[in-house]
Structures are given as C-alpha cells and as structure tokens.
Amino acid sequence: MFLNNMKDSETAKLVDEINSNPAPVILYGAGFYCRLGIGALKNLNIQVDAICDSDLDREGSYFCGYEIISPKTLKTFDREAHIFVVSIFVTPILQLLTSLAFRNIYDCTNLFENTDFSEIDLDDNSTGKDGDYGESRNIVNINRQIGLYKHEILKILPIDSNELHLKYIDIVITEACSMKCIDCSNLMQYYINPKHSDIDILFRSLDQVITTVDHIYELRVLGGEPFVNKQIYKIIDKLVSYENVDKIVIYTNATIVPKERNLSSLKNDKVFLDITDYGQLSRNLDKLIGVLELNSISYIAKNQYG
C-alpha cells in the first residue's frame, strides 16, 4: 500500500540523492535503530538535522545529543526533507509521513546491512536516558536487530509469491521458573504445580508448523526459566536442525548456568541468549557470562531496571 512512498537506502545512490537535494535529514524514531541510523549516516558524511518521535512526552528531551521534536513540529519542515524510518513501527510512521505529504521517506535496510558497525563509535556523552546503549554496542545483537527490522519492512512490500515468512514464534518449554516475579507477563507465579512441555507433543507440533512456513527469522525459547527444563538441550538441538529458521533465541534470567549437554547445545551459530539482568536476583549473571564468553556463545545482557 505504501511502497511507492518509501525509498531504498542503497548507499551510493543515497549519498548522491542527498547531496543533490540539500533538504534537512530527519530520523523518525528515537530508539535503538535511531542510534544505528546516526552512526551509519555519519559514516557516509551525512549530517542528521533532527530526530522525531511520536511519544509526545519525549518532546524537548535529548537523544544522542539531538533534541527530540514531535510530529507537530515535523509538519513545519520542507516536504522535500529526507526522512529515515528508524523504528520497527514502520506502518504507522509511514502512514503519518504519507499523510503529511513528505516525498523522501527511506527504508534503512540497505543502509544498516551495508554498514560495518564494528568500525563505528556509537557512543555519545550527551545521550539521555535511552536504555538501549548497551545493546547497541553488541555487534551480534546489532545484526540480530537489523534482521528484525528487515522483517518489519517486508510486511509492507507487495508479495509476488505464495511464500510465508514469519518474524518469530514463541516456544514455551516450561511453566517452572527460578523466580516468582509478581509482574511476570507469562503469569508463571500463579502455577501451583508447574510442568515442563511434553517434548514429544512439542516436536510433533513444531514439525507441523515449520513445514508449512517458508522462512522464520527467530524461534524464541521461553518459560518460566527455560534452563529449569533439564531436556532443553534436546529442544535446542531440534530447533537448530530446521534449515528454514535463522536464529534460536533463549530468554533467561541468569539464575542457572548451563552445563554439559545443555552447554554443548548452545555452541551453534544459530543460538543466541537474551539475558535479563534483575540485579541481585540474577545471582549467576557474572558466572553465566563468563561461561558464554569462554565458549564463544552469542548473548546480550539487559538490565531490567534501566
């Protein structure tokens, strides 16, 4: 529906287009992808002029040294402004920009994929409280997030075939958890007799789903705490065997350090651990990270409390 209003960000073409049209360069979305956008554009010697965000409470605050403007302020800009969508909320942003008659709206897929972020310093001492800086220093996680962004872009593209592509599927392998968080979004604190998923039923169900899908970017292993399930190694080995799946992401609270067969199953290029750091409650965080780094297992650790 909106494809004709969105431009490719192929780098050589992008530089020529912006140099030939010296209108303001604006990034829409003050978050993780905005930081990547700033770094990628600076790498091309393209100066960002403004950052816009739909959250009105952020208007006037700063992100990476730039004052955040609202869509109301954005309306005052030249309609030839170059606007880069640096958010996974692509559709509503594109709807807004299209309704405001902006003519140069960019998809950042190529820009991100053709930037070597390991060579770019994404730090900025003037950054405010945007809790994603730690994530944007992790190159493995950057590549993962670029893939997720790309899948959001694919949603708005016209489909020329009958292929089915999914961004991710959540796989709950246990009701048991090593914590009892009162605000658990999966309501695990209310299970009186938590059980693990029946592995035979789980595998049959997975086979049925995976064989009907052409491509899945991520299979996300959840609980409770996934490592409470002592058969997690069997599940991981099964998931990495699917050729049409790119990544296996395991969400953990860093209370259990995998050993032996469970640890061995993580030593696969597809596997990625998403660790939530609950401070003192994540009692084995340092030990877990040490084991992962020793065994070259990809991970990201995020502080729950910002």
Side-chain angles (χ1 to χ4, degrees), residues 3-54 58-71 73-90 93-94 96-98 100-128 130 132-150 152-153:
L3 180 63
N4 292 334
N5 293 319
M6 213 166 189
K7 296 187 175 185
D8 193 352
S9 59
E10 193 275 321
T11 52
K13 178 181 176 183
L14 178 64
V15 171
D16 289 342
E17 186 165 345
I18 291 180
N19 286 339
S20 64
N21 174 20
V25 173
I26 303 168
L27 302 187
Y28 200 114
F32 179 88
Y33 297 104
C34 184
R35 193 185 297 279
L36 298 188
I38 292 170
L41 291 173
K42 284 187 177 180
N43 189 54
L44 297 173
N45 294 316
I46 296 174
Q47 179 62 45
V48 174
D49 296 294
I51 293 176
C52 183
D53 196 89
S54 297
R58 301 187 69 183
E59 183 179 10
S61 63
Y62 285 82
F63 185 90
C64 293
Y66 296 87
E67 184 175 1
I68 298 175
I69 65 173
S70 69
T73 302
L74 182 64
K75 292 179 181 180
T76 66
F77 279 77
D78 185 342
R79 292 306 184 265
E80 293 295 327
H82 305 280
I83 304 183
F84 293 81
V85 178
V86 285
S87 168
I88 59 171
F89 302 107
V90 178
I93 292 174
L94 197 48
L96 172 63
L97 296 177
T98 301
L100 295 177
F102 283 103
R103 291 181 279 276
N104 298 311
I105 308 169
Y106 296 89
D107 152 23
C108 293
T109 302
N110 278 328
L111 178 64
F112 291 157
E113 290 184 332
N114 290 292
T115 299
D116 183 359
F117 287 101
S118 66
E119 300 295 327
I120 297 177
D121 182 7
L122 298 176
D123 195 0
D124 191 305
N125 292 329
S126 57
T127 299
D130 51 278
D132 59 13
Y133 177 44
E135 297 177 55
S136 62
R137 287 183 294 183
N138 185 308
I139 298 303
V140 176
N141 185 59
I142 286 174
N143 292 332
R144 174 196 174 198
Q145 298 299 332
I146 290 172
L148 293 172
Y149 175 90
K150 183 176 182 178
E152 290 299 322
I153 294 295

Check the pair Leu97 / Leu74 against side chain to side chain contact (heavy atoms under 4.5 Å, CB included), numbers first and verdict last. CA-CA 9 Å; Leu97 296 177; Leu74 182 64; 3.7 Å; yes
When you compare the side chain of Tyr66 with that of Leu27, does any pair of heavy atoms fall below 4.5 Å? no
Spatial distance of atom OG1 (Thr73) from atom CD1 (Ile68) [nearest 0.5 Å]: 12.0 Å
Quick check for you: to the nearest 0.5 Å, what is the distance between Lys150 atom NZ and Phe112 atom CZ? 13.0 Å
Report yes if the side chains of Leu36 and Val86 come closer than 4.5 Å at any heavy-atom pair, otherwise no. no
Say whether, by atom type as modelled, one donor and one acceptor occur between the side chain of Asp49 and the main chain of Val25 under 3.5 angstrom. yes
Please report the shortest heavy-atom distance between Cys34 and Gly29, naming the atom on each side. CB-O, 2.9 Å
Measuring from Ile139:CD1 to Arg144:CZ, what's the distance to the nearest 0.5 Å? 15.0 Å
Of the non-hydrogen atoms in Ser87 and Tyr149, which two are nearest, and what is the gap between them? O-CE1, 3.5 Å
Would you sort out whether Tyr33 and Glu152 count as a side-chain hydrogen bond (donor to acceptor under 3.5 Å, both in side chains), showing the intermediate values? CA-CA 13 Å; Tyr33 297 104; Glu152 290 299 322; over 6 Å; no
Between Phe102 and Ile26, is there a side-chain heavy-atom distance shorter than 4.5 Å? no
Would you say the side-chain atoms of Arg79 pair up with the backbone N or O of Leu100, donor to acceptor, closer than 3.5 Å? yes
What's the spacing between Ile146 CD1 and Cys108 SG if we round to 0.5 Å? 10.0 Å
dist Ile153:CD1 -> Ile88:CD1 (nearest 0.5 Å) comes out at 11.0 Å
Search all heavy atoms of Pro71 against all heavy atoms of Tyr28 and return the closest pair with its distance. CG-OH, 3.3 Å
Which atom of Arg35 lies closest to which atom of Phe63, heavy atoms considered: N-CE2, 4.0 Å
Evaluate side chain to side chain contact (heavy atoms under 4.5 Å, CB included) for Glu113 paired with Asn110, printing each intermediate quantity in order. CA-CA 5 Å; Glu113 290 184 332; Asn110 278 328; 4.1 Å; yes
Does some side-chain heavy atom of Ile18 sit less than 4.5 Å from a side-chain heavy atom of Leu44? no
So, do Glu17 and Leu14 sit near enough that their side-chain heavy atoms are less than 4.5 Å apart? no
Would you check if the side chain of Asn19 reaches a backbone N or O of Val15 as a donor-acceptor pair within less than 3.5 Å? yes
To the nearest 0.5 Å, how far apart are CZ in Phe84 and CG in Asn104? 9.0 Å
Test side chain to side chain contact (heavy atoms under 4.5 Å, CB included) on Phe77 and Ile69 and set out the steps. CA-CA 11 Å; Phe77 279 77; Ile69 65 173; 3.7 Å; yes
His82 side chain to Tyr106 main-chain N or O, any donor-acceptor pair under 3.5 Å? no
Examine distances only and state if a side-chain atom of Asp53 and a backbone atom of Ala30 form a donor-acceptor pair shorter than 3.5 Å. yes
